[in-house]
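Below is one structure, written out as structure tokens; the observations come after it.
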Amino acid sequence: MEYKKDIRTKNLTLHDIHVGDWVQVWIDMAERYSTPLKIISIHDDGTIYLVLSDEERLTPWEEDIKNVDALRITADLLKGFGFDVSEMDDDRGTPYQTVEYKGKYVGALYYYQEEKAYLYVCGYNCLYMHELIAYNHRNNIDINLEWKGVK
């Protein structure tokens, strides 16, 4: 991922996110994003508490909502969360990647505009991880996400 300020992803509001969503924080001094962080608490004043994993709940990272951005879906990001991503072609020769979680088909990853991707899941396009998580909650899909990192 390139860390230039002019390509920040969607800045989130308190209405966009929920406890349990995975996001990233823009770090002004370094002009780059943090690793993916899980939201454990949201407050009306715009304060968000984040952790790297459920094991680190005792030492949360406090951040203002203005620095919290959406986590754009990419093949590497999905792999970092434990998804299996494999190359495919449809009957017209359009390349895409199938996405599975623990052997179960989740959706197809399609690319557009300069390597940006969206995950197509049962008629719903997810551009960001918080959208995929919301879709999973609405449809009772059992995906327990934990950030494992990118190799």
Side-chain angles (χ1 to χ4, degrees), residues 1-85 94-101 105-151:
M1 176 185 284
E2 207 169 279
Y3 298 120
K4 292 185 180 175
K5 203 170 189 175
D6 60 330
I7 62 162
R8 283 183 67 175
T9 64
K10 178 183 177 189
N11 187 252
L12 298 172
T13 68
L14 293 177
H15 298 289
D16 295 328
I17 55 176
H18 300 90
V19 170
D21 284 349
W22 287 86
V23 295
Q24 58 190 352
V25 172
W26 180 256
I27 304 166
D28 272 328
M29 289 178 54
E31 290 195 357
R32 67 177 184 89
Y33 281 113
S34 67
T35 59
L37 298 164
K38 187 176 188 175
I39 298 172
I40 60 167
S41 181
I42 302 171
H43 299 269
D44 291 339
D45 67 354
T47 304
I48 309 294
Y49 287 91
L50 307 149
V51 292
L52 289 169
S53 68
D54 285 334
E55 289 82 39
E56 297 191 8
R57 285 187 168 270
L58 298 176
T59 56
W61 176 332
E62 181 180 318
E63 195 58 63
D64 190 288
I65 186 67
K66 71 178 178 2
N67 297 323
V68 177
D69 284 7
L71 207 55
R72 185 176 295 281
I73 290 177
T74 65
D76 286 341
L77 182 77
L78 291 171
K79 289 175 186 176
F81 278 108
F83 289 87
D84 293 316
V85 181
T94 304
Y96 68 96
Q97 294 170 302
T98 59
V99 179
E100 295 181 348
Y101 186 76
Y105 178 79
V106 174
L109 191 63
Y110 291 95
Y111 290 86
Y112 69 100
Q113 294 180 348
E114 301 171 18
E115 298 183 16
K116 292 181 182 175
Y118 66 89
L119 182 61
Y120 182 78
V121 183
C122 296
Y124 186 74
N125 293 334
C126 301
L127 297 172
Y128 305 104
M129 283 305 291
H130 71 278
E131 295 171 342
L132 176 59
I133 294 166
Y135 176 83
N136 289 330
H137 288 303
R138 282 193 307 272
N139 295 287
N140 296 322
I141 298 172
D142 186 26
I143 295 178
N144 182 21
L145 298 178
E146 285 297 324
W147 179 246
K148 297 166 181 58
V150 179
K151 294 178 183 174

Not counting sequence neighbours, which residues clear ring pair (Phe, Tyr, Trp, His ring centres under 6.0 Å) with Phe81? List them please. Trp22, Trp147
Apply side-chain contact (heavy atoms from CB on, under 4.5 Å) to residues Tyr120 and Val99 and explain how you reach the verdict. CA-CA 10 Å; Tyr120 182 78; Val99 179; over 6 Å; no
Start with the C-alpha gap between Tyr111 and Gln97, add the side-chain angles, then the distance that decides, and say whether side-chain contact (heavy atoms from CB on, under 4.5 Å) holds. CA-CA 9 Å; Tyr111 290 86; Gln97 294 170 302; 2.6 Å; yes
Could you tell me if the side chain of Leu52 sits less than 4.5 Å from the side chain of Leu37, heavy atoms only? yes
Scanning both residues in full, the closest heavy-atom pair of Leu127 with Ala117 reads CD2-O, 3.8 Å
In Å, rounded to the nearest 0.5 Å, how long is the span from CD of Glu31 to CH2 of Trp26? 6.0 Å
Say you draw a straight line from CD1 of Ile65 to CG of Asn11; how long is it, rounded to the nearest 0.5 Å? 7.0 Å
Okay, side chain of Gln24, backbone of Ala70: is any donor-acceptor separation there less than 3.5 Å? yes
After noting the C-alpha distance and the side-chain angles of Leu132 and Phe83, does the key distance pass the side-chain contact (heavy atoms from CB on, under 4.5 Å) rule? CA-CA 13 Å; Leu132 176 59; Phe83 289 87; 4.1 Å; yes
Would you give the length of the straight line joining atom SG of Cys126 to atom CG of Asn136, rounded to the nearest 0.5 angstrom? 7.5 Å
Which atom names give the shortest non-hydrogen contact between Tyr135 and Val121, and what distance separates them? CE2-CG1, 3.2 Å
Cut-off 3.5 Å, no hydrogens considered: what does the side-chain donor-acceptor table look like for residues 38-48, sequence neighbours left out?
from: Lys38; atom 1: NZ; to: Asp54; atom 2: OD1; distance (Å): 3.2
from: Lys38; atom 1: NZ; to: Asp54; atom 2: OD2; distance (Å): 3.3
from: Ser41; atom 1: OG; to: His43; atom 2: NE2; distance (Å): 2.7
from: Asp45; atom 1: OD1; to: Thr47; atom 2: N; distance (Å): 3.0
from: Asp45; atom 1: OD1; to: Thr47; atom 2: OG1; distance (Å): 2.9
from: Asp45; atom 1: OD2; to: Thr47; atom 2: OG1; distance (Å): 3.3

Can we call the ring centroids of Tyr49 and Trp61 under 6.0 Å apart? no
Can you find a pair of side-chain heavy atoms, one from Leu71 and one from Tyr128, that are under 4.5 Å apart? no
Looking at every non-hydrogen atom in both residues, tell me the closest pair between Leu77 and Ile73 and how far apart they are. CD2-CA, 4.1 Å
Distance col, row Thr98:OG1 vs Asp84:CG, nearest 0.5 angstrom, shows 8.5 Å
Can you give me the closest heavy-atom contact between Asp21 and Asp16, atom names plus distance? OD2-O, 4.2 Å
Quick check: do Met129 and Val23 have side-chain heavy atoms less than 4.5 Å from each other? no
